[in-house]
Undergrad: 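Sharing a structure with you now.
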Number of protein chains: 2
Amino acid sequence: MQMDRAEGERKDFWQLTGPTKGKRPTLKDVAAHVGVHFSTVSRALDPATAHRITDEVRARIQAAVAELNYRHNVAAATLRTHSSKTIGIIVPDITNSLFGPIIKGIDSISSEHGYVALIGDTDNNPEKEEKLISTFLARGIEGLIVASALREDEVVSAVAHDGTPIVTVNSHVDDDSVSSVSYNVRPSIGALVKHLAELGHRRIAFISGPSSWSTAEERLAAYRYWIDRVKAVVSDDLIVYSNEYREEEGARCAEELLRSGVPFTAVMAANDLLAFGALNVLQRHGLECPRDVSVTGFNDIPMAERWSPPLTTVKVDPLRAGKAAAEILFADIKLAPEERQPKHVLLPASMVVRHSTAAPSSGQLRGAPTNG
Amino acid sequence: MQMDRAEGERKDFWQLTGPTKGKRPTLKDVAAHVGVHFSTVSRALDPATAHRITDEVRARIQAAVAELNYRHNVAAATLRTHSSKTIGIIVPDITNSLFGPIIKGIDSISSEHGYVALIGDTDNNPEKEEKLISTFLARGIEGLIVASALREDEVVSAVAHDGTPIVTVNSHVDDDSVSSVSYNVRPSIGALVKHLAELGHRRIAFISGPSSWSTAEERLAAYRYWIDRVKAVVSDDLIVYSNEYREEEGARCAEELLRSGVPFTAVMAANDLLAFGALNVLQRHGLECPRDVSVTGFNDIPMAERWSPPLTTVKVDPLRAGKAAAEILFADIKLAPEERQPKHVLLPASMVVRHSTAAPSSGQLRGAPTNG
DNA sequence: ATGAAAGCGCTAACAT
DNA sequence: ATGTTAGCGCTTTCAT
């Protein structure tokens, strides 16, 4: 009987008592049970080396594994191999319907690779992001996907330069050594602007996101580009900045627009939530959409088509974005650090016209001061 | 200079070359840098033991940590302490707007406890659930929250009996030794039934979920209970079973109901998605809601209030459910296995009446065969 | 085909 | 207050 000497001489503080009692079985336990050396068990259990073990021995090992309910201890393997088989996912707000599909996309790819994912929600707070990244790194994640990146995100850049594969999704940092997958916004915003212009709109307001967000910056830039192209009215007075992509902020911005007195016949919002909030305020002020104002959004979240009126917006495919990000990540994980190249994929985004846009009511401009 | 003997004698297969080059610094590295023993560094870095180290030494250690960019190796600590500081979360479909808030609730509590969470999506597939649980366990999770549990979920029961704290959320298993947090459905379904009955409905159909799901079973049971109480028509012909909580299934079930020819003036669906699908089909068949049929849902997902007509349903608080589940879990994690007691919390759920319910159009019953 | 042994990076009991 | 030491459970060379 080749019982291991290390066994049975101590009671662990966390286990009840006695040898191998109340404790998870280890390789040694199954080895003892089968009567082989524990390294043999290790080999038999690793698909890459299993062929080197006699069928008969392997069968007995598998039986013992089942009987003892043995489970691989990944922490120990990680310590030994420096491979944790886990990645990290960080989102700004998991409650936002945009991120569910992104996570699902990532999850589907990473489970194909035998990886699991740690999840973290930053609540749109850069400090939480930093803390999450730091704990994730301590856990030995082999790669990181960040959906909450700011344009200047030092932590994200630091991780990239530290050699941990990282890709931003649905956003990107200015530092283009960090891989990213986002959407091709210029043409889609262009479609929106041209659609509005063809309808006859010349004074098109824009509710932007915070300029520190890449999505906000690029959507605004695209707006500016196309407004000029289309010979509509270019004016900073038509642009107002929200602090977050939330309905409340959309409402606040719409109020601000109305209060400022700038005339406008349409408002483009940097995302759907902002558009919903704006729509509410506009309606509350007696402006009917699309008769009196046209409104557009971005993302085409499920609610957009159910809103009243159904929202003209830009459709995006977050599931696919999540998959694309994960694919880039795993390609990098498999590569030696020095052969990794930053990649930037731009997924298509396409306008979907619904009922929140129409020709402006003959010549009449909105936006006379309503109070103050 | 007290360089450690173990250092500098080998090149790791995974690092580029030379001693301490290209490799993450360890406690030994910072110890060498400061000129103390690595166990001193360990103590200085652990808040629980940091007070035993001289301020001056601790300061130098912290400086070295920053300079070398040292990071705690949780895998090593886990191996040593048997505490991974991670939990697992398993959801049936992260794309469903119900689960974002649940995850956020869990995440908020677990980060308070210094824990991080692994996430897994089962796609409503019990085999995937089993696989996920198994990989999570191998990763040494200290607790598990499952939102995808079936009523008879052997794997979930097995985990519970194996001693890993586990709680089901938004669902529960029949085995009541597994802690759960779900909603108090009986009164809320009661409110719906009474509301419909007061409106004058006597033939109320029910679109159920699969009977293997606890949510489906308890909502159907509540429906049966109250239908009888309220002296409405009790008949199995009024009940139809979906295979999943999806719009398509709601549509299919509504078709089935219409095709069967049973008269009904209202349909209660086991959840909002089912209700939406049913609503669409009913409308497509020329039935106007609420004039010709009343429809109700369950969950009050964000879209419910935007649907046309806005849906009468039952409001539930998934964020709170997530928090409650996590609180139970962490209480258990802190307890010795033998003092853990299963807990079952029922969160309030309340009817919200919107515009999909009204009095039935005078005496006329729906549901004459429409085809086949 | 299998056994022996070393060591991944850490914590904690035990010295001093 | 700090140093010494012994593993945690595993993978992987090196023997046999």
Side-chain angles (χ1 to χ4, degrees), chain A residues 2 4-15 20 23-32 34-58 60-61 70-85 138-140, chain B residues 2 4-7 9-15 20 23-32 34-58 60-61 68 70-85 138-140:
Chain A
Q2 56 150 308
D4 213 274
R5 11 166 189 73
E7 280 303 322
E9 325 189 327
R10 47 193 298 276
K11 336 185 169 194
D12 247 333
F13 60 96
W14 66 276
Q15 75 182 70
T20 62
K23 187 176 146 187
R24 278 231 233 155
T26 70
L27 285 182
K28 287 190 184 174
D29 293 318
V30 353
V34 173
V36 293
H37 191 264
F38 74 96
S39 64
T40 302
V41 179
S42 175
R43 289 184 193 106
L45 262 27
D46 180 353
T49 49
H51 65 277
R52 317 223 266 106
I53 305 301
T54 328
D55 287 354
E56 187 263 333
V57 173
R58 201 171 52 235
R60 278 162 53 215
I61 288 176
Y70 168 78
R71 263 182 227 291
H72 189 207
N73 183 328
V74 175
T78 297
L79 182 57
R80 184 58 235 248
T81 62
H82 305 283
S83 166
S84 64
K85 298 284 186 196
R139 249 98 184 167
Chain B
Q2 58 149 305
D4 213 274
R5 346 122 229 99
E7 281 303 321
E9 324 187 328
R10 48 192 298 275
K11 338 184 170 194
D12 246 333
F13 61 95
W14 67 276
Q15 75 183 70
T20 62
K23 187 177 147 187
R24 279 231 232 154
T26 69
L27 284 182
K28 286 191 184 173
D29 293 317
V30 353
V34 172
V36 294
H37 191 266
F38 75 96
S39 64
T40 304
V41 179
S42 175
R43 287 182 195 108
L45 263 27
D46 180 351
T49 49
H51 66 276
R52 319 224 263 104
I53 306 299
T54 330
D55 287 356
E56 188 262 331
V57 173
R58 200 171 52 235
R60 278 161 54 214
I61 288 175
L68 300 182
Y70 167 78
R71 264 182 226 292
H72 189 206
N73 183 328
V74 175
T78 297
L79 182 55
R80 184 58 235 246
T81 62
H82 304 283
S83 164
S84 63
K85 297 285 186 195
R139 250 96 184 168

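By convention in this document, chain letters (A, B, ...) are assigned in the order of the sequence lines, proteins followed by strands, and residues within each chain are numbered from 1.
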Undergrad: Find which nucleotide of DNA chain D each of A/Pro25 and A/Arg52 is nearest to by heavy atoms, and output the residue with the more 5' nucleotide.
TA: A/Pro25
Undergrad: Given side chains that start at C-beta, do those of B/Val57 and B/Val36 come closer than 4.5 Å, heavy atoms only?
TA: yes
Undergrad: For B/Val57, answer base if it contacts any base atom (sugar-phosphate contacts may also be present), sugar-phosphate if it contacts only those atoms, and nothing otherwise; contact means non-hydrogen atoms under 4.0 Å.
TA: sugar-phosphate
Undergrad: Taking atom P of C/dA1 as reference, at what distance in whole Å does atom NE2 of A/His37 sit?
TA: 18 Å
Undergrad: Find the distance A/Phe38:CZ to C/dA5:P and express it as a whole number of Å.
TA: 11 Å
Undergrad: Can you tell me how far P of D/dC10 sits from CG of A/Asp29, to the nearest Å?
TA: 9 Å
Undergrad: A/Leu27 has a side chain; which of C/dG9, D/dG9, D/dT11 sits nearest to it?
TA: D/dT11
Undergrad: When you get a sec, tell me which of C/dC10, C/dT11, C/dA6 is the closest nucleotide to the side chain of B/Thr81?
TA: C/dT11
Undergrad: Within this structure, what is the CZ-to-P distance between B/Arg43 and D/dT5, rounded to whole angstrom?
TA: 14 Å
Undergrad: Round to the nearest Å and state the distance from B/Leu68 atom CG to C/dG9 atom P.
TA: 14 Å
Undergrad: Would you mind reading off the distance between A/Lys23 atom NZ and D/dC8 atom P, rounded to a whole angstrom?
TA: 6 Å
Undergrad: Side chain of B/Asn73 only, please: which of C/dA6, D/dG3, C/dG9 is the nearest?
TA: C/dG9
Undergrad: Can a donor-acceptor pair under 3.5 Å be found between the side-chain atoms of B/Ser39 and the base atoms of D/dT5?
TA: no
Undergrad: Any side-chain heavy-atom pair from A/Thr40 and A/Ile61 closer than 4.5 angstrom?
TA: yes
Undergrad: Let me confirm one number: the OG-NZ distance from B/Ser42 to B/Lys28, rounded to the nearest 0.5 Å.
TA: 12.5 Å
Undergrad: What nucleotide among D/dC10, D/dT2, C/dC10 has an atom nearest to a side-chain atom of B/His72?
TA: C/dC10
Undergrad: What is the distance from atom CZ of A/Arg139 to atom CZ of B/Arg139, rounded to the nearest 0.5 Å?
TA: 13.5 Å
Undergrad: Is there a side-chain polar atom (N or O) of A/Ser42 under 4.0 Å from OP1 or OP2 of D/dC10?
TA: no
Undergrad: To the nearest Å, give me how far apart CD (A/Glu56) and P (C/dA1) are.
TA: 14 Å
Undergrad: Return the value, rounded to whole Å, for the distance between atom CD1 of B/Ile53 and atom P of C/dA12.
TA: 14 Å
Undergrad: Here's a test of your reading of the structure: between B/Leu79 and B/Thr54, which maps to the more 5' nucleotide of DNA chain D?
TA: B/Thr54
Undergrad: Quick check: closest heavy atoms across B/Ala76 and A/Leu79, and the distance to 0.1 Å?
TA: CB-CD1, 3.6 Å
Undergrad: At less than 4.0 Å, is any side-chain N or O atom of B/Thr40 found next to OP1 or OP2 of D/dG3? Yes or no.
TA: yes
